[in-house]
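Model, not experiment: these values are computed from the prediction. All chains are named by letter (A, B, ...) in the order of the sequence lines, taking the proteins before the strands, and each is independently numbered beginning at 1. Only this structure's heavy atoms are used, side chains among them; waters, hydrogens and symmetry mates stay out.
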There are 2 protein chains.
Amino acid sequence: MTKTRVTLKDVANKVGVHSSTVSRVLNPKTRSMVTEEIADKILSVVKDMGYRPNAFAQSLKTNKSFTVGVMVPDLTNPAFAPIIKGIDDMLEAHGYSVIVASTYNLPEKQQSTVEKFRERHVDGLIIATAKRKDSLIDDCRQEGTPFVQAVRASVDADVSSVVSDEIIGGNMVVSHLAQLGHKRIAYVAGPQFLSTGYERYRGFLQGMKNAGLEADKDLVVFCEEFTEEEGRNATSKLLALRKKFTAIYAGNDLLALGVYDELEADGIKCGQDISVVGFDDMPFADKFNPPLTTVHTPLVNVGGEAARILLEKIADSSIPARTIKLKPDLIVRSSTGRVK
Amino acid sequence: MTKTRVTLKDVANKVGVHSSTVSRVLNPKTRSMVTEEIADKILSVVKDMGYRPNAFAQSLKTNKSFTVGVMVPDLTNPAFAPIIKGIDDMLEAHGYSVIVASTYNLPEKQQSTVEKFRERHVDGLIIATAKRKDSLIDDCRQEGTPFVQAVRASVDADVSSVVSDEIIGGNMVVSHLAQLGHKRIAYVAGPQFLSTGYERYRGFLQGMKNAGLEADKDLVVFCEEFTEEEGRNATSKLLALRKKFTAIYAGNDLLALGVYDELEADGIKCGQDISVVGFDDMPFADKFNPPLTTVHTPLVNVGGEAARILLEKIADSSIPARTIKLKPDLIVRSSTGRVK
DNA sequence: ATAAATTATGCAATCGTTTGCATGAGTTTA
DNA sequence: TAAACTCATGCAAACGATTGCATAATTTAT
């Protein structure tokens with residue numbers, strides 16, 4: 001019942017030394033300062049008594065929390081779970097704990113979250129919620145806490161970020177479609193205030209150019225969110241144009257799912273009548289009807305690399321900012337086919 | 001550059017009072033002890049200087065961390081993201097932060113995680129990884145830190161848990177199949193050392209009984225994990241029996257996806273030749289081919305309720321343990337059909 | 001054998017709060 | 001007007017670790 005914790009002093013008393021000696025034994029850096037014999041004794045008592053350091057006291061003294069804050073838009077968004085997994089595994093291996101928070105794309109939630117993180121003195125931040133221009137980023141830069149952006153980058157130059165190479169992805173998609181004989185390709189663009197939406201759109205345009213195709217402005221619809229609903233709306237707009245196109249390339253897989261829905265509602269067969277491509281290769285994209293051709297972005301690695309860069313920055317804050325673009329892969333499934 | 005934090009003392013000096021007075025103003029419970037006039041002044045200076053309490057110092061003194069640890073098997077398992085969302089939203093609203101850790105079903109990882117949580121003095125634990133009989137649970141009970149089990153319960157009586165009512169779910173599924181004329185129903189069971197696997201199997205048996213059907217032992221295959229691969233293996237075993245059955249009911253949606261794969265490989269049409277049912281209603285279960293008939297378990301609520309119970313327990317540890325079973329819903333989609 | 005250099009350990013201040021107790025000013029009562 | 005009470009505020013001791021400095025013990029050099 002008496003759940004009184006064991007402290008350094010308790011251990012010290014039992015062994016008959018001073019608490020500072022125990023502290024030194026437990027800290028690898030100072031371990032060599034104390035005699036082997038005493039150290040062994042201390043270590044065994046530490047084990048016997050089940051001593052566990054008090055993280056608060058340590059943090060208070062050392063001003064390090066071994067805690068990192070991670071901000072994502074929504075935990076249930078299938079793209080973010082793998083990212084967090086990557087972050088978590090990497091940081092855990094280095095003794096850090098991860099505090100996750102969803103901001104649901106609400107600026108005020110984003111702000112309050114970062115405040116909370118500061119109160120808890122996180123050693124660093126990983127931000128996967130930022131817009132291309134985001135006051136949060138200035139804020140964080142001023143504050144001085146190390147941070148890294150993941151998946152979504154902002155326009156600020158001297159901020160580290162880890163993203164997938166959206167441009168290359170766009171090229172691969174268009175080139176694939178072109179090979180299948182598609183010429184008139186519609187694009188369902190994600191939000192342009194997010195780097196993913198913006199860059200992927202640029203990738204599409206560049207891909208068209210490289211393939212010697214002309215991008216028809218009418219066949220590009222911009223969405224305000226990466227959601228199925230926006231994908232449906234966009235598709236119905238495209239269909240209403242009554243212009244000819246043989247493929248729809250969507251800014252991400254969720255939008256593509258919306259495209260599926262709307263096409264099906266119109267009795268159009270994906271992959272046969274019209275080819276559809278997504279982006280992200282979210283979990284179970286291979287289970288959809290039809291299995292979705294999409295660009296696989298290495299989400300777990302994006303998270304892992306972001307964590308690694310953050311660790312570097314925590315260890316040495318003078319390290320210059322850098323941007324890592326991971327190479328994506330085109331995954332061809334049956335939602336794309338030769339144009340008839 | 002000089003990122004020196006503002007402390008209570010700094011504020012006190014500026015106002016010309018003692019730091020304890022500032023502390024009292026900031027704490028709602030002691031706020032009334034100090035004169036309105038001074039309090040106002042303090043509050044305004046607090047704001048001006050951008051004072052933020054040092055969570056470590058507070059926690060060290062009060063022995064409360066306002067932090068909760070959550071253990072899940074795998075962040076990328078689609079069933080667990082909604083649960084964490086429910087937990088996170090509930091706890092965040094009460095000023096708590098959530099530390100998540102994946103244990104990947106490894107006992108040693110589970111153990112080290114709980115150690116880590118203890119070092120960080122979490123105020124409570126939510127465990128979604130426990131087996132029906134799990135030494136971890138005894139361990140946690142002894143330790144005395146409040147904890148609640150989510151999704152997976154253990155056999156221990158006096159442990160609080162929040163789960164979905166698996167038995168009712170099983171009844172609904174079998175009754176649905178029976179109405180469609182199915183009599184010979186195969187069951188692909190999840191691991192029996194997990195409450196979900198065990199209870200759902202019991203639900204199946206009970207459902208068969210209630211429907212006046214006989215459960216053929218040969219048509220039950222037990223899996224070691226809730227994975228697609230195990231689902232595939234189980235299905236190939238069933239097919240190898242060369243016994244007649246018209247429906248396969250799987251212990252969860254991932255198993256059901258494995259069933260899909262294997263049936264398709266054998267040229268059998270889900271929903272037409274053989275009906276398939278899952279359990280969980282994981283995200284995008286409606287997008288599969290065919291859309292999956294399954295039992296919707298209110299995962300976000302499971303997480304939310306678990307968090308709520310934990311908060312109660314943190315506030316008053318004498319509260320008796322209780323188990324909450326949330327009602328699931330049958331979601332009929334096109335993977336089930338009338339028997340021909 | 002003694003001084004000097006080298007250890008190993010203890011001492012005590014510190015990190016930023018919270019909180020029981022002491023204190024002094026102001027108010028009430030006789 | 002002095003005694004008895006309030007009441008608001010300050011004082012100082014925690015909480016449990018870390019760490020520069022002092023000191024005692026030991027070794028080495030002369």
* Asked: Do L125(A) and C140(A) come within less than 4.5 Å of each other through their side chains, counting heavy atoms only?
  -> yes
* Pairwise side chain to side chain donor-acceptor pair (under 3.5 Å) hits with a residue in residues 72-84 of chain B, at least two apart -> K85(A)-D74(B), K85(A)-T76(B), D74(B)-T76(B)
* Asked: Is a side-chain donor or acceptor of D123(A) paired with a backbone partner of V68(A) at a separation under 3.5 angstrom?
  -> no
* **Donor-acceptor pair between R120(A) and T67(A) side chains, under 3.5 angstrom** => no
* Leading and trailing nucleotides of DNA chain C with any atom under 4.0 Å from heavy atoms of chain B -> dG16(C) to dG20(C)
* Asked: Sub-3.5 Å donor-acceptor pair from the side chain of T7(A) to the main-chain atoms of K9(A), do we have one?
  -> yes
* Is a donor on one side and an acceptor on the other found under 3.5 Å between the side chain of S65(A) and the backbone of H121(A)? -> yes
* side chain to side chain contact (heavy atoms under 4.5 Å, CB included) between I84(A) and L75(A), intermediate numbers included -> CA-CA 9 Å; I84(A) 294 177; L75(A) 264 171; 3.4 Å; yes
* Atom CZ of F56(B) to atom C1' of dG16(D): distance rounded to whole Å? -> 14 Å
* Of residues 41-51 of chain B, the positions that come close to DNA chain C - non-hydrogen atoms, cut-off under 4.0 Å -> Y51(B)
* Do S161(A) side-chain atoms and Q149(A) backbone N/O form a donor-acceptor pair below 3.5 Å? -> no
* Asked: Between the main-chain N or O of Q110(A) and the side-chain N or O of T103(A), is there a donor-acceptor pair closer than 3.5 Å?
  -> no
* Contact under 4.0 Å: Q58(A) side-chain N or O vs dG16(D) OP1/OP2 -> no
* Asked: Is a side-chain donor or acceptor of H94(A) paired with a backbone partner of Y96(A) at a separation under 3.5 angstrom?
  -> no
* Report the end-to-end axis angle of the helix from dA1(C)-dT30(D) to dA30(C)-dT1(D); each axis comes from five terminal pairs, and the value is rounded to 10°. => 50°
* Structure fact -> Residue pairs passing the salt bridge (charged side-chain N to carboxylate O under 4.0 Å, His left out) test with at least one member in residues 94-117 of chain A, sequence neighbours excluded, are K109(A)-E92(B), E115(A)-R52(B), K116(A)-E92(B)
* Structure fact -> Between S160(B) and A321(B) the two heavy atoms that sit nearest each other are OG-CA, 3.3 Å
* Using a strict cut-off of less than 4.0 Å between a Lys/Arg side-chain nitrogen and an Asp/Glu carboxylate oxygen, indicate whether D139(B) and R118(B) qualify as a salt bridge. => yes
* Asked: T62(A) side chain N/O closer than 4.0 Å to the phosphate oxygens (OP1, OP2) of dT18(D)?
  -> no
* Asked: Where along nucleotides 6-15 of chain D does protein come under 4.0 Å, by heavy atom, of base (B) or sugar-phosphate alone (S), with - for untouched nucleotides?
  -> --SSBBB-BB
